[in-house]
Enquirer: 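Okay, here's the structure, questions in a sec.
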Amino acid sequence: MPTQHTRRAVLGAALAVAGTGALAACSDGGSGHGGAHSPGGARDSGRYVSPGGKEVEAAEAARGSGPVREVSLTATRARLDLGGGRTVASWAYGDRLPGREVRVTAGDTLALTLANHLPEPTSLHWHGLALRNDMDGVPGLTQRDIAPGGDFAYRFAVPHPGTYWFHPHSGVQQDRGLYAPLIVEDPKEPLAYDKEWVVVLDDWVDGVDGSTPDAVLDELSGGMGGGMDHGAHTMSGAGEDEPGGDGPSRMMMGATSELLGGDAGDVAYPHYLVNGRVPEDPESFTARPGDRIRLRIINAGGDTAFRVALGGHRMTVTHTDGFPVRHTTGDALLLGMGERYDVLVTAGDGVFPLTALAEGKKASALALLRTGSGAAPAASVRPKELDGKPVEAGRLVPDPSVALSGRAPDRTIRMRLTGGMAKYDWAFDGRPYSAKQRRPVETGERVRVVFDNGTAMWHPLHLHGHTFALAGNAAGARKDTAIVLPHRSLTVEFDADNPGLWMVHCHNVYHAEAGMMTVIGYRG
Ligand code: C2O
Ligand code: CU
């Protein structure tokens with residue numbers, strides 16, 4: 001039953017039978033706005049770069065080969081302690097949540113072997129990295145499934161410093177405990193700071209009263225019958241089992257947010273976590289008054305945007321999605337799923353709440369900054385900075401070292417975001433994901449992508465293997481994940497300099513799995 005929705009797993013299994021040759025052969029058309037060309041593949045074979053092709057090898061060779069960092073990781077069933085006496089049975093990297101961070105230096109070669117001790121096939125995707133395509137971790141597209149009992153050796157040059165993370169690209173596994181930070185240090189770090197605090201935000205349902213992310217997806221995709229039974233599902237529902245479902249209803253009703261332009265999310269999670277802890281038993285980060293602290297904040301959630309503020313402090317944003325921006329100070333940040341912000345703060349004297357408000361969902365997660373004595377604030381504390389001046393992604397200015405050059409786009413790809421809650425038919429251009437889709441680009445082009453949101457919901461859009469510039473004139477910050485509001489459009493630009501087959505998708509894991517994913521393919 002958990003596998004019935006994981007079409008990526010099904011595709012992967014087919015590939016496992018067909019062998020790697022199939023990876024190169026799945027390349028039919030489907031370019032542009034709704035224009036499907038001859039599906040069926042074989043005669044188009046070779047028109048696109050294949051993930052392990054010579055163009056990919058050449059791009060990798062150009063990245064050089066620094067010291068090799070070896071890591072072994074096991075994806076396994078685990079009982080996780082969320083704090084406050086709450087433990088859950090879930091899947092994780094090892095026995096901790098988040099998984100142990102991987103820390104390397106730009107220019108290193110990362111050699112990470114993932115052993116799959118899960119009962120299902122899995123994979124590992126390096127969110128935000130411009131790495132070689134056959135190490136990108138998308139089963140059915142760039143690699144085969146890692147079967148239960150199997151393993152996979154990821155090995156690639158790490159190109160850019162910054163704050164990244166990794167997670168599976170298999171079904172809705174990311175909404176279990178399978179995520180961890182990937183920190184890439186800068187050999188010429190320009191920032192001066194005393195301490196660093198990695199802050200991973202998450203929304204949690206797995207293993208609570210029998211719930212699993214697969215059961216949540218089942219409920220979302222089948223449980224609404226055209227919207228008539230909205231009222232039948234409520235956030236309370238504690239303990240009452242849906243007939244035929246696993247655990248109580250997790251359908252979110254009436255979550256609205258001004259910042260997100262309306263409907264905030266689909267899933268009512270029982271817990272929201274900072275670094276794997278519930279707010280009643282938060283992590284405490286200890287520093288001294290006056291310390292400059294670099295926070296690296298990662299939203300690893302499945303269906304929750306977080307609004308983040310540190311009580312009693314302003315935050316100076318230095319990076320988003322790993323890339324530097326002109327330093328910009330504000331009170332609060334908004335992170336869609338997959339987004340990261342690095343900020344600097346100068347610590348005050350006392351005990352301060354770092355609150356991550358589950359935007360529009362009337363709940364929050366918490367961690368503490370402790371530099372002096374004092375009582376911890378209540379779990380539900382809402383520092384006033386949450387309602388102060390937010391730092392907006394769209395207004396950030398890139399650091400000159402990473403700004404895209406001014407250049408007219410050679411190609412514009414338009415993608416209309418389609419679908420809705422009633423049918424749970426999220427897609428691009430009305431066509432659910434298939435690993436055969438290709439939106440073509442050519443190496444060397446400046447590519448403009450216009451995401452036109454025809455839906456009533458916001459979506460955090462993510463492109464693999466590249467860091468685009470926000471805004472149509474290439475003047476915006478560099479990012480790999482960006483929010484598009486309902487009925488609005490978002491224009492991004494990137495240089496096509498990393499050949500391969502690259503996913504573009506909504507980073508709401510339920511929207512993605514329902515079909516809001518497609519592929520940008522470099523022509524060979
Ligand atoms: Cu963070 Cu395709 O994903
Ligand atoms: Cu979405």
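Scope of the values below: all heavy atoms of this structure, side chains included, with no hydrogens, waters or symmetry mates. A quick note: this is a predicted structure, and the numbers were derived from the prediction, not measured. Numbering of ligands and ligand atoms starts at 1, following listing order. Position 1 is the first residue of the sequence; numbering continues from there.
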Enquirer: Within 2.8 Å of atom 2 (Cu) of ligand 1, is there any N, O or S atom belonging to His169?
Expert: yes

Enquirer: Output yes when Glu359 and Arg307 qualify as a salt bridge under the 4.0 Å nitrogen-oxygen rule, no when they do not.
Expert: yes

Enquirer: Which angle, to the nearest 10 degrees, do you find at atom 2 (Cu) of ligand 1 between NE2 in His464 and NE2 in His505?
Expert: 110°

Enquirer: Side chains of Val274 and Leu201: does their closest heavy-atom pair fall under 4.5 Å?
Expert: yes

Enquirer: Could you tell me if the side chain of Asn275 sits less than 4.5 Å from the side chain of Trp197, heavy atoms only?
Expert: yes

Enquirer: Any Lys/Arg nitrogen of Asp321 or Arg478 sitting under 4.0 Å from an Asp/Glu carboxylate oxygen of the other?
Expert: no

Enquirer: Counting backbone and side-chain atoms alike, is an N, O or S atom of His462 positioned under 2.8 Å from atom 2 (Cu) of ligand 1?
Expert: no

Enquirer: For Asp480, is there an ion pair with Arg340 - N to carboxylate O distance below 4.0 angstrom?
Expert: yes

Enquirer: Within less than 2.8 Å of atom 2 (Cu) of ligand 1, any N, O or S from His507?
Expert: no

Enquirer: Counting no waters, what protein N/O/S atoms lie under 2.8 Å from the Cu ion (ligand 2)?
Expert: His459 ND1, Cys506 SG, His511 ND1

Enquirer: If I consider every N, O or S atom in His127, which one ends up closest to atom 1 (Cu) of ligand 1? I only need its name.
Expert: ND1

Enquirer: Tell me, yes or no, whether the heavy-atom count around Glu70 atom CD, taken from other residues, nucleotides or ligands under 6.0 Å, exceeds 12.
Expert: no

Enquirer: Given side chains that start at C-beta, do those of His505 and Tyr433 come closer than 4.5 Å, heavy atoms only?
Expert: no

Enquirer: Going by ring-ring contact (aromatic ring centres under 6.0 Å, His included), His507 matches just one of His464, His459, His127, His125. Which one?
Expert: His127

